[in-house]
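Naming convention: chains lettered A, B, ... in sequence-line order (proteins, then strands); numbering from 1 in each chain.
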Amino acid sequence: MLTSFDEETIRMLESKANLLRRHVINMTFEAGSGHPGGSLSSADIITALFFKIMRHDPKNEKWPERDRFVLSKGHCAPVYYAALAESGYFPTEELHTLRKMSCRLQGHPCKTKTPGVEMSTGSLGQGLSISNGIALAGRMDKHSYHVYCLCGDGELQEGQVWEAAMFAAHYKLDNLTCIVDRNGLQIDGATEKVMALEPLADKWRAFGWNVMEINGNDIHQVLDALERAKAHKGRPTVIIAKTTKGKGVSFMENNVSFHGKSPTKEEHEKALRELEGAV
Amino acid sequence: MKRQMIAQRKEYGHALVDLGKRREDVVVLDADLSGSTRTADFAKVFPDRFFDCGIAEQNMIGTAAGLASCGKTVFASSFAVFATGRCLDQIRQSVAYPRLNVKIVATHAGISVGPDGASHQTMEDIAIMRTMPNMTVIVPADAPETYKAIMAIADFDGPCYVRMGRSDVPVVTDEGSRFEIGKIQTIKDGADVTLIGVGQMLAACIEASEMLAQDGVSARVLDLSTIKPLDEAMLIKAAKETGAMVVAEEHNRLSGAGSAVATFLADKVSVPVHIVGMDDVFGESGESDELMIKYGLTPENIVESAKEAIRRRKA
């Protein structure tokens, strides 16, 4: 039984996710580089967080009670920047500057340059540790904020992630939710071929986490899981969100070559046509 | 003169407790070595602001970064070999790049760690830490200076690395002297050669200056407690006034403070810069004083280098 959200909210969020996807296609095309695949797979999760679940205020960026988002899979900066711009942290026109000289939108998130970016990331495996620190600080200072950390699945091969998982469970950080974008692909191929992660849910359970498994490209399921994660007390929650890499663009879906490759002119046009047709 | 011997980490523990009393924002992390690093002193008094991360230094550094991003002044401690090399990428990406207020304070640096052997004797940590933008690198000379350095970095907003050893080291700095990040303290004036001491090698420099005095050589002794940023004005002044420099450090001589000083002076003052440090080899088990002799880290080695530097200046 899913937590109820009205149809209008779901439709609004679906169309927002579609808009973020179109930004991602435009941004990576214009930049001539970047990572569309993982940006597209996580677009629904990011949309649910930025436009429904998280309390944040672009006009009061450093509001102490704001919910925090850490993009541990820093290479998915395009979809993150699109969400920040659409939230109002900076003009959407600035999205065209991604990866260009003297821009604020670096190839990977940079805390000191980009409004709204909580933490510099890009070297995989570090975001959950950072989220631990933010969650601890929130508890010490009796803030009500919740910390959301988005990890890639391939990223879970980094040992530091499991150090962090141990720590969060040990200190009972229930103001922390980790979302795993389980698209099943990493640069060298399928995660299960490169370095198997399964049984992934069992691993997290063994580390002391509350575990949920959902379809991460279904906005309603994402919203429901995020709400339940926030309500869960005594343990941190991980949401293993099964997604499709390249989601929304037929020729990018489950195509590992689009992990870190920007679309050509033809691909760019075709992708936009598909996404616009889906609205 | 018999000098008082105190371990620097003892004063680190005292400084943390004093800081904790004064400032609510101070949080301390350790990676299962709190008894040795003395962060346990803080943990006893402020259990709610101390977090043991277990034997997981990479997560400790990331957690420190997260805490600092929320306005905490975070001290993260372990042995120097683990606090730097083991989590180098975490320090670079999550602390130095976003310029967060994390103080990595490491003990048990250098060959004077002794019997634990080469696995624990880091002779590379100054090199590692000084290569990163935004990082301040401090090596206090003795226990009183350690206390002052800890107080100073707590008041400074930004990433810092502080290095100290395990063993008791002679007290050589003046209790009343002021510590300032980035400033060299002149311990003793002199005209013929400048001896620059780093960490406990400052004591060796003072002893060397007394030996040189017997041979009629007037040596200036400087306490280089901040390796980065360097006190450029004082280095240029000493180089110009004495014309011969020796840097003594308990570190690989290819890449430490001596290397920093030599590189800085290279295009400013034409002056011989000799480095008394460890050759590019790993250490071994042994007692601290035996190892210091075997690997050439004694006042006698400094005297020899000073005389050679003076000869080269005259040549």
Contact leader toward chain B among [options], where contacts are heavy-atom pairs under 4.5 Å:
options: A:His108, A:Arg68, A:Met140; value: A:Met140
options: A:Asp141, A:Val147, A:Thr121; value: A:Asp141
options: A:Lys111, A:His170, A:Gln126, A:Lys113; value: A:Gln126

Give, as side chain, backbone, both or neither, the part of [X] having an atom under 4.5 angstrom from any heavy atom of chain A.
X: B:Arg92; answer: neither
X: B:Leu100; answer: side chain
X: B:Val74; answer: neither
X: B:Asp89; answer: both
X: B:Glu24; answer: neither

Taking atom [atom1] of [X] as the centre, does the number of heavy atoms from other residues, nucleotides or ligands within less than 6.0 Å exceed 12?
X: A:Lys59; atom1: NZ; value: no
X: A:Lys230; atom1: NZ; value: yes
X: B:Arg86; atom1: CZ; value: no
X: A:Lys172; atom1: NZ; value: no

Would you say that [X] contacts [Y] through its side chain, given a criterion of any heavy-atom pair below 4.5 Å between the two side chains?
X: B:Thr63; Y: A:Ile130; answer: no
X: A:Tyr145; Y: B:Cys70; answer: yes
X: A:Asn132; Y: B:Phe51; answer: no
X: B:Leu67; Y: A:Ile134; answer: no

How far apart are the closest heavy atoms of [X] and [Y], and which atoms are they?
X: B:Pro98; Y: A:Met119; value: CG-SD, 4.1 Å
X: A:Thr112; Y: B:Tyr97; value: CG2-O, 4.3 Å
X: B:Gln58; Y: A:Gln160; value: O-NE2, 3.3 Å

- [ ] Between chain A and each of B:Ala56, B:Cys87, B:Gly54, count heavy-atom pairs under 4.5 Å; write down the option with the most.
- [x] B:Ala56

Task: chain A interface, residue from B:Ser94, B:Ala64, B:Cys53 that has the most non-hydrogen pairs under 4.5 Å - done: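 Of B:Ser94, B:Ala64, B:Cys53, B:Ser94 has the most heavy-atom pairs under 4.5 Å with chain A.
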
Task: Nearest-0.5 Å distance, CZ of residue A:Phe167 to CG of residue B:Leu29 - done: 6.5 Å

Task: Inter-residue atom distance B:Gln93.CD - A:Ser120.OG, 0.5 Å rounding - done: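 OG of A:Ser120 is found 9.0 Å from CD of B:Gln93.
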
